Amino acid sequence: SEAMPAWDASQGVCVPPGAALPASWAPSTELQKKLANISIAGNLSSAAEAAARGAYSELVDFIGRAGMVETLGGDALEAIINGAFAGSNMPDIQTHALAEGTDILLELAAPYLDPQQDSREVGKCSELQDGDLATLVSYALYIKQQAPHNATVDFALERLEKATNLALVACGTLQELLGFEPSSRLGTPPVSAEDAANMFGMGMQGVDLIGLLANPRLQVPSGTLDYVADFWNYLSRHLLILEGELLRCDGAHRARSLGRVCGPPSPVRLHRGERRADA
């Protein structure tokens with residue numbers, strides 16, 4: 001393939017210039033013409049806020065459809081809470097997102113809130129590996145900290161923390177929680193489309209781990225913080241697949257081919273924390 005243009009080191013991150021992206025990612029000729037004729041808003045801040053409000057409104061309508069929260073699970077909660085994150089300069093959006101997030105949280109956490117719940121039915125390691133428990137406990141803490149006091153949220157957080165600690169005990173070690181041996185995985189550069197998809201799952205899992213680490217009442221396995229730091233460093237040194245080749249960035253922010261043609265990535269949908277079948 002053609003040589004990649006040099007990275008702009010002033011960006012501070014490893015981002016390919018537009019000309020270096022695969023042709024299949026470029027907008028159609030017709031769309032490029034339309035984009036060229038779009039005038040830039042006089043007040044970009046106002047335009048950006050209007051766009052954010054429109055996007056949030058569409059999101060609320062979508063998630064509000066019958067059965068959508070059950071279908072999306074923790075993704076529904078995360079999407080709405082992102083509105084609270086992004087709405088720090090739009091107090092009405094933030095207030096609405098926290099209220100909506102509370103309703104979604106309590107709906108998803110219902111299995112953990114039954115006082116008669118048999119402890120043997122909750123707190124399995126798989127609830128952290130493949131389920132929404134990490135998302136629920138992390139956002140329950142966020143809602144408690146950011147929203148007006150709600151006794152039901154307090155109770156939900158307490159139950160979720162208890163279930164999470166039981167699940168962490170069931171996992172036992174960081175390796176079991178992750179589903180792979182971290183030093184081995186991070187010691188090997190990704191060389192296939194499967195590895196690239198795996199990196200996405202690891203990224204989502206890493207976000208969950210940060211959420212667990214942020215709660216001092218959760219007993220995360222020894223080495224979790226070091227692993228997250230090592231993984232983020234790993235990501236800074238490797239890119240995903242572009243135009244059939246796996247690329248990585250060196251310290252000069254230049255793209256280098258690893259010299260292996262991996263073929264186009266297969267369509268893969270990974271949920272937060274999902275692991276490879278052969279892990």
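Since the model is a prediction, treat every value here as computed from it, not as a measurement.
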ask   = Given the rule in the side-chain contact (heavy atoms from CB on, under 4.5 Å) test, do H149 and D154 qualify, once you have shown the distances and angles that lead to the verdict?
value = CA-CA 8 Å; H149 178 257; D154 289 349; 2.6 Å; yes
key: Worked verdict on Q205 versus Q129 for side-chain contact (heavy atoms from CB on, under 4.5 Å)   = CA-CA 8 Å; Q205 187 181 55; Q129 296 169 326; over 6 Å; no
request  = Could you walk me through whether M202 and L186 pass side-chain contact (heavy atoms from CB on, under 4.5 Å), step by step?
outcome  = CA-CA 11 Å; M202 291 165 66; L186 298 184; 3.8 Å; yes
request  = For side-chain contact (heavy atoms from CB on, under 4.5 Å), just list the numbers for R217 and L141, CA-CA rounded to whole Å, side-chain angles, deciding distance to a tenth of an Å, and then say yes or no.
outcome  = CA-CA 11 Å; R217 292 180 293 277; L141 178 60; 3.8 Å; yes
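Between G203 and W232 the shortest heavy-atom distance is O-CH2, 4.1 Å. The two residues Q94 and A84 make their nearest non-hydrogen contact at NE2-O, 3.0 Å. The two atoms that bring G73 and L108 nearest to each other are O-CD1, 3.4 Å, heavy atoms only. Minimum interatomic distance between L113 and A109 (heavy atoms only, all atoms of both residues): CG-O, 3.3 Å. Taking every heavy atom of both residues into account, I63 and A76 meet most closely at CD1-O, 3.7 Å.
Note that the CG atom of N150 and the CG atom of L157 stand 11.5 Å from one another [nearest 0.5 Å]. Atom CG of L136 is separated from atom CD1 of I104 by 11.0 Å, given to the nearest 0.5 angstrom. A distance of 9.0 Å separates CG in D230 from OH in Y227, rounded to the nearest 0.5 Å. S138 contributes atom OG, which lies 11.5 Å from atom CG of D132 (distance to the nearest 0.5 angstrom). For the atom pair CG (D92) and CZ (R53), the distance works out to 4.0 Å, reported to the nearest 0.5 Å. Going from atom CE of M199 over to atom CG of L235 covers 5.0 Å, rounded to the nearest 0.5 Å.
Between N82 and E78 the shortest side-chain heavy-atom distance falls below 4.5 Å. For the pair L160 and L105, the minimum side-chain heavy-atom distance is below 4.5 Å. Side-chain contact between L209 and F231: absent, with no pair of heavy atoms (C-beta onward) separated by less than 4.5 Å. The shortest distance between side-chain heavy atoms of L128 and D208 does not fall below 4.5 Å. A 4.5 Å side-chain heavy-atom check between T224 and P221 finds at least one atom pair inside the cut-off. No side-chain heavy atom of N198 sits less than 4.5 Å from a side-chain heavy atom of F180. Using a 4.5 Å heavy-atom cutoff, the side chains of V220 and L174 are not in contact.
In terms of hydrophobic clustering, with Ile, Leu, Val, Met, Phe, Trp and Tyr side chains grouped at heavy-atom distances under 4.5 Å, M68 and Y139 are assigned to a common cluster. The hydrophobic clustering, which links ILVMFWY residues whose side-chain heavy atoms are closer than 4.5 Å, places V169 and L166 apart.
Just one of K162, E127, R159 meets the side-chain hydrogen bond (donor to acceptor under 3.5 Å, both in side chains) condition when paired with Y112; it is E127.
Put simply, the side chain of N37 gets close to the backbone of K33: a donor and an acceptor are under 3.5 Å apart. At distances below 3.5 Å, at least one donor-acceptor pair connects side-chain atoms of T188 with backbone N or O atoms of S184.
Between Y56 and H96, the ring planes lie perpendicular to each other; the angle is over 60°, past the 30° to 60° tilted range.
A salt bridge does not link E181 to R185: none of the charged side-chain nitrogens sits closer than 4.0 Å to a carboxylate oxygen.
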